[in-house]
Number of protein chains: 2
Amino acid sequence: MSYSIADAARYSGLSIDTLRYYERVQLIEPPARDSGGRRIYTDADLSWLEFLTKLRTTGMPIRRMHEYAVLRRQGMAGAGARKRILAEQRTAVVERIAELRSCLDALDYKIDNCERLERRMAASAAEDDTAEDDTREAETKEEVSA
Amino acid sequence: MSYSIADAARYSGLSIDTLRYYERVQLIEPPARDSGGRRIYTDADLSWLEFLTKLRTTGMPIRRMHEYAVLRRQGMAGAGARKRILAEQRTAVVERIAELRSCLDALDYKIDNCERLERRMAASAAEDDTAEDDTREAETKEEVSA
DNA sequence: AATTGACCTGGAGTGCACTCCAGGTCGTAC
DNA sequence: GTACGACCTGGAGTGCACTCCAGGTCAATT
């Protein structure tokens, strides 16, 4: 099958401008053109784009994707170098996931803290009808910035 | 304890310039100054910075961190809104982790592919002494772009 | 008294990854 | 035959998060 640039954009989730930009920076090879000079993308182009978006998702900079693209064009000869790039990226992703997980813990802790504050505020609002408790309010102030 | 801006940079992992930048965009409140007008950071400042760097790691944009910082200054009154921001970010992080994991699978698949190509190349190099196998070479070409 | 090094300010510059624009061409639909 | 919509080009502009710079202050050292 063949696809217009609009189709390719739909399938890849990239914008038309981004597709042309990727071509300019040589992440993708110039696709074929129809009689009117319009780009025609193939299924192979689309799966390459799909992989590129995955690399992008992993946080790989365009410069490195470009390196990879060049090696890909060299076929088997570039396989070793390609593997190295991918393996390195894999390590980075594993690290990133670990980092995010630890941030998740921090978030959970803080979310919990906010919940406690909310409950305490609700409680002290109900209490306002009866009496004031300065000690508890002082305590709370400490926790707010924790 | 109190810390110079250089100390704060060391502890937070941010650069001195970034610390001043965060102050300008109001992620942190202007710290106290010594007699010579130099910034003095407190332990509380450092733990806030530590949390900020975690939010940054999760991919939270500075605009949103600023929102959060404003709510923090409001103490208990902002707790509910703060919780909402954190919970939203938590969801984003969970999604991000899932995304990264799926990319990890794609990477593994491709790494495997490169390995196969490498081995095949080594094999065909050894084979060069004896005979050529056109069929296998054609097959390989297909796989190179897969 | 001069030098040094850490810090200060306001503002300009950088790198990245797009994103937008003006002005033009093409092929179909009316 | 003209109006339309999708596409084309080269190049400028954007938003983000820093990062760097010039020119200056201050406290301690030589």
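Note that the coordinates shown come from a computational prediction; the quantities given were computed from them, not determined experimentally. Side chains are part of it too, since the values below use all heavy atoms of this structure and drop only hydrogens, waters and symmetry mates.
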- prompt: Is the shortest side-chain N to carboxylate O distance from E99(A) to R96(A) below 4.0 Å?
  reply: yes
*So, do Y41(B) and L19(B) sit near enough that their side-chain heavy atoms are less than 4.5 Å apart?*
yes
From the candidates dC7(D), dA17(C), dG5(C), the one with an atom nearest any side-chain atom of R38(B) is dG5(C)
Requested in this report: Using a 4.0 Å heavy-atom cut-off across all strands, classify R24(B) as base, sugar-phosphate, or nothing.
Outcome: base
note: E23(B), atom CD; dC18(D), atom C1'; distance rounded to Å ~ 16 Å
Separation of dA12(D) atom C1' from Y21(A) atom OH, nearest Å, is 15 Å
Next on the checklist: Looking at D7(B) and S4(B), would you say the former's side chain and the latter's main chain have a donor-acceptor pair under 3.5 Å?
Outcome noted: yes
Between E67(A) and R64(A), does any NZ, NE, NH1 or NH2 come within less than 4.0 Å of an OD or OE carboxylate oxygen? yes
Here the distance between atom P of dC16(D) and atom CZ of R64(B), to the nearest Å, is 13 Å
L27(B) CG to dA17(D) C1', in whole Å, measures 11 Å
Kindly say if S4(B) contacts the phosphate of dC7(C), meaning a side-chain N or O under 4.0 Å from OP1 or OP2. yes
note: R20(B), atom CZ; dC21(D), atom C1'; distance rounded to Å ~ 12 Å
Q: Select base, sugar-phosphate, or nothing to describe what R56(A) touches, counting heavy atoms under 4.0 Å on all strands.
A: sugar-phosphate
Review point. If you look at every strand shown and take non-hydrogen atoms under 4.0 Å, does R63(A) touch a base, only sugar-phosphate, or nothing?
Key: sugar-phosphate
Quiz item: Does the side chain of Y22(B) get closer than 4.0 angstrom to OP1 or OP2 of dC18(D) through an N or O atom?
Solution: yes
note: D17(B), atom CG; dT9(C), atom C1'; distance rounded to Å ~ 12 Å
Whole-Å distance, R33(A) CZ to dC26(C) P, equals 13 Å
What's the verdict on side-chain hydrogen bond (donor to acceptor under 3.5 Å, both in side chains) for T42(B) and D45(B), showing C-alpha distance, side-chain angles and the deciding distance?
-> CA-CA 5 Å; T42(B) 65; D45(B) 290 332; 3.2 Å; yes
Can you check whether R39(B) has a side-chain N or O nearer than 4.0 Å to OP1 or OP2 of dC8(C)?
yes
Comparing nearest nucleotides in DNA chain D, the 5'-proximal residue of the pair G37(B), G59(B) is G59(B)
Which of dC7(C), dA6(D), dT19(C) is nearest the side chain of S15(A)? It is dT19(C)
Taken to the nearest whole Å, CG/D34(B) to P/dC8(C) is 8 Å
*Presence of T18(A) side-chain N/O under 4.0 Å of dT19(C) phosphate oxygens OP1/OP2*: yes
Side-chain atoms of I5(A) come closest, of dA27(D), dT9(C), dC7(D), to dC7(D)
DNA chain C nearest-nucleotide lookup for L14(A) and S35(A): closer to the 5′ end is L14(A)
